[in-house]
Visitor: 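This is the structure I want to talk about, given as structure tokens.
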Amino acid sequence: MRKLKINIINLSKSFDGKNVLKKLDLKVYESESLAIIGESGSGKSVLTKCIDGLLDYDSGLVSYEKIKNIKELNSKNKNIYMAKFGILFQNAALFDSLTIEENLKFAKKDCDFSKILMEVSLPKSILSEYPSNLSIGVQKRVGLARAILKEPEILILDEPTTGLDPIIGRQIVLLIKKLVKKKKITTITVTHDMESVYEFSDYTAFIKDGNISWYGKSNDILKTKNKSLTNFINGIY
């Protein structure tokens, strides 16, 4: 039986008078991998930032297990809530002036990083390197390691394959698939990469015009009669 982790009801968010999310409803279930897809500017990243507390929403609610509405949390409890999330940002978001070891220490100070580096297929020798000396693919692996080091309840992946060539992108997808399965972690992935959607997401939500236009098992996407989703898959916007 699926266990509800996050419940999003009537969520709305606007910027400068433009409605990005319009009374959006969505459920996220424990230990499942959810992909959020949609055209650029459709509100995918805005939605995840409302979920993890990085962005305040205008109305509606985001409930998390026993927390009825995260918007009502005080600053102390909000920080506790946000610590439940591990995030792999689109550009990896590493600090260029710090070594890889120092970057990882932002997630966990007292730790032997060799194990987590092994999990993302990186050598221990990389700890003394600076991000600028590394390829974007390696940087994303480090960003993934940092996100997992926190032992989060929810892992959010923002366009994990963007900027990578197909071979490296495929390696990252398979790596994420292995880690998600091994750790049984609840995962939300924002992506344009349909191959990664089919590869490791259990369910998919398609955003169109500020709402969820389609939701279902990722294996059923190609069977859909939703014209907007079909056009998106075929690159017709």
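Values in this document were obtained by computation on a predicted structure and should not be read as measured data. Just so you know, these numbers use all the heavy atoms, side chains as well, and skip hydrogens, waters and symmetry mates.
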Visitor: Applying the 4.5 Å side-chain criterion to the ILVMFWY set and letting contacts propagate, would Ile167 and Ile136 be lumped into a single cluster?
Guide: no
Visitor: Leu26 vs Leu34, test: side chain to side chain contact (heavy atoms under 4.5 Å, CB included). Steps then yes/no.
Guide: CA-CA 11 Å; Leu26 181 64; Leu34 171 69; 4.1 Å; yes
Visitor: Using a strict 4.0 Å threshold on nitrogen-to-oxygen distance, state whether Lys208 and Glu39 make a salt bridge.
Guide: yes
Visitor: Give me each pair satisfying ring-ring contact (aromatic ring centres under 6.0 Å, His included) with a member in residues 38-77, each pair once, sequence neighbours excluded.
Guide: Tyr64-Tyr81
Visitor: Is it true that Asp158 and Lys49 make a salt bridge, defined as a side-chain N closer than 4.0 Å to a carboxylate O?
Guide: no
Visitor: Tell me, do Glu72 and Leu61 make a side-chain contact under 4.5 Å, heavy atoms counted?
Guide: no
Visitor: Working note: Leu104 + Leu127, criterion side chain to side chain contact (heavy atoms under 4.5 Å, CB included); need CA distance, chi angles, decisive distance, verdict.
Guide: CA-CA 9 Å; Leu104 292 175; Leu127 288 172; 3.9 Å; yes
Visitor: In Å and rounded to the nearest 0.5 Å, what is the CD1 to CG distance from Ile87 to Leu144?
Guide: 13.0 Å
Visitor: Restricting to non-hydrogen atoms, name the atom on Val197 and the atom on Ala35 that form the minimum distance, rounded to 0.1 Å.
Guide: CG2-CB, 4.0 Å
Visitor: Looking at Met118, I want to see if its CE is surrounded by more than 12 non-hydrogen atoms of other residues, nucleotides or ligands under 6.0 Å.
Guide: no
Visitor: If hydrophobic clusters are built from ILVMFWY residues whose side chains come within less than 4.5 Å, do Ile116 and Phe89 share one?
Guide: no
Visitor: Is a donor from one side chain sitting under 3.5 angstrom from an acceptor on the other, for Ser201 and Ser218?
Guide: yes
Visitor: Would you say Leu134 and Ile100 make side-chain contact, with heavy atoms under 4.5 Å?
Guide: yes
Visitor: Main chain of Lys184, side chain of Ser31: is a donor-acceptor contact present, judged purely on distance under 3.5 Å?
Guide: yes
Visitor: Do any N or O atoms from the side chain of Asn19 and from the backbone of Lys22 form a donor-acceptor pair under 3.5 angstrom?
Guide: no
Visitor: Go through Thr162 and His192 one step at a time and tell me if the side chain to side chain contact (heavy atoms under 4.5 Å, CB included) criterion holds.
Guide: CA-CA 8 Å; Thr162 294; His192 286 85; 5.6 Å; no
Visitor: Could you pull out all residues at least two apart from Glu199 that satisfy side-chain hydrogen bond (donor to acceptor under 3.5 Å, both in side chains)?
Guide: Arg170, Lys177
Visitor: To the closest 0.5 Å, what do you measure between CG (Leu179) and CD1 (Ile185)?
Guide: 9.0 Å
Visitor: Rounded at 0.5 Å granularity, tell me how far CD1 in Ile8 sits from CD1 in Ile212.
Guide: 7.5 Å
Visitor: Checking side-chain contact (heavy atoms from CB on, under 4.5 Å) against Thr48, which of Val190, Leu54, Thr189 comes through?
Guide: Val190
Visitor: So Lys140 and Ile168, side chain to side chain contact (heavy atoms under 4.5 Å, CB included) or not? Walk me through it.
Guide: CA-CA 10 Å; Lys140 289 212 176 190; Ile168 301 300; over 6 Å; no
Visitor: Determine whether Ile6 and Val62 make a side-chain contact, defined as any pair of heavy atoms from C-beta on separated by less than 4.5 Å.
Guide: yes
Visitor: I'd like to check the side-chain contact (heavy atoms from CB on, under 4.5 Å) partners of Ser135; sequence neighbours left out, ordered by chain and number.
Guide: Val138
Visitor: If Ile, Leu, Val, Met, Phe, Trp and Tyr residues are connected whenever their side-chain heavy atoms lie under 4.5 Å apart, and connections chain through other members, are Leu11 and Ile188 in the same group?
Guide: yes
Visitor: What residues, two or more places apart in sequence or in another chain, satisfy side-chain hydrogen bond (donor to acceptor under 3.5 Å, both in side chains) together with Asp112?
Guide: Ser114
Visitor: With rounding to the nearest 0.5 angstrom, report the OG to NZ distance, Ser63 to Lys68.
Guide: 10.5 Å
Visitor: List for me each residue that meets side-chain contact (heavy atoms from CB on, under 4.5 Å) alongside Ser128, sequence neighbours excluded, and say none if there are none.
Guide: none
Visitor: Mind checking whether Ile154 and Leu47 sit in one hydrophobic cluster, side chains of I, L, V, M, F, W, Y counted as touching below 4.5 Å?
Guide: yes
Visitor: Residues two or more places apart in sequence or in another chain: which of them pass side-chain hydrogen bond (donor to acceptor under 3.5 Å, both in side chains) with Asn219?
Guide: none
Visitor: Going only through I, L, V, M, F, W and Y residues with side-chain contacts under 4.5 Å, is there a path from Val173 to Val142?
Guide: yes
Visitor: Checking Tyr29 now: which residues fulfil ring-ring contact (aromatic ring centres under 6.0 Å, His included) with it, not counting sequence neighbours?
Guide: none
Visitor: Identify the heavy atoms of Asn69 and Gly60 that sit nearest to each other, and give their distance.
Guide: ND2-O, 3.7 Å
Visitor: Measuring only between side-chain heavy atoms, which start at C-beta, is Ile37 closer than 4.5 Å to Leu229?
Guide: yes
Visitor: According to side-chain contact (heavy atoms from CB on, under 4.5 Å), who are the partners of Glu102, at least two apart in sequence or on a separate chain?
Guide: Leu98, Thr99
Visitor: Just to verify, what does Phe206 make a ring-ring contact (aromatic ring centres under 6.0 Å, His included) with, not counting sequence neighbours?
Guide: Phe232
Visitor: Grab the two heavy atoms, one from Thr191 and one from Ser196, that are nearest each other, plus how far apart they are.
Guide: OG1-OG, 3.6 Å
Visitor: Sorted by first residue and then second, give each ring-ring contact (aromatic ring centres under 6.0 Å, His included) pair with at least one member in residues 102-126; sequence neighbours left out.
Guide: Phe95-Phe106
Visitor: Test your reading of the model: is there a side-chain donor-acceptor pair from Asn7 to the backbone of Lys27, 3.5 Å cut-off?
Guide: no
Visitor: Measure the CD1-CG distance between Ile148 and Leu88 for me, rounded to the nearest 0.5 Å.
Guide: 9.0 Å
Visitor: Per the salt bridge (Lys or Arg N to Asp or Glu O under 4.0 Å) rule, which among Lys78, Lys71, Lys13 passes with Asp56?
Guide: Lys78
Visitor: Closest heavy-atom contact between Pro152 and Phe85?
Guide: CB-C, 3.7 Å
Visitor: Identify the residue among Lys178, Arg141, Lys182 that makes a salt bridge (Lys or Arg N to Asp or Glu O under 4.0 Å) with Glu119.
Guide: Lys182
Visitor: Distance-only, no hydrogens or angles: does the Asn226 side chain make a donor-acceptor pair with backbone N or O of Ser228 under 3.5 Å?
Guide: yes
Visitor: Calculate, to the nearest 0.5 Å, the distance between atoms OG1 and NZ belonging to Thr186 and Lys84 respectively.
Guide: 11.5 Å
Visitor: What closest approach, in Å, do Ala107 and Leu149 show between heavy atoms, and which atom pair accounts for it?
Guide: CB-CB, 3.9 Å
Visitor: Among all residues two or more places apart in sequence or in another chain, which pass the side-chain contact (heavy atoms from CB on, under 4.5 Å) test with Asp110?
Guide: none
Visitor: What heavy-atom pair brings Gly43 and Val20 nearest, and what distance separates the two atoms?
Guide: CA-CG1, 3.6 Å
Visitor: Any salt bridge linking Lys217 with Asp220? Criterion: basic side-chain nitrogen under 4.0 Å from a carboxylate oxygen.
Guide: no
Visitor: Test of understanding: with side-chain hydrogen bond (donor to acceptor under 3.5 Å, both in side chains), list the residues that count as partners of Arg2, not counting sequence neighbours.
Guide: Glu32, Tyr215
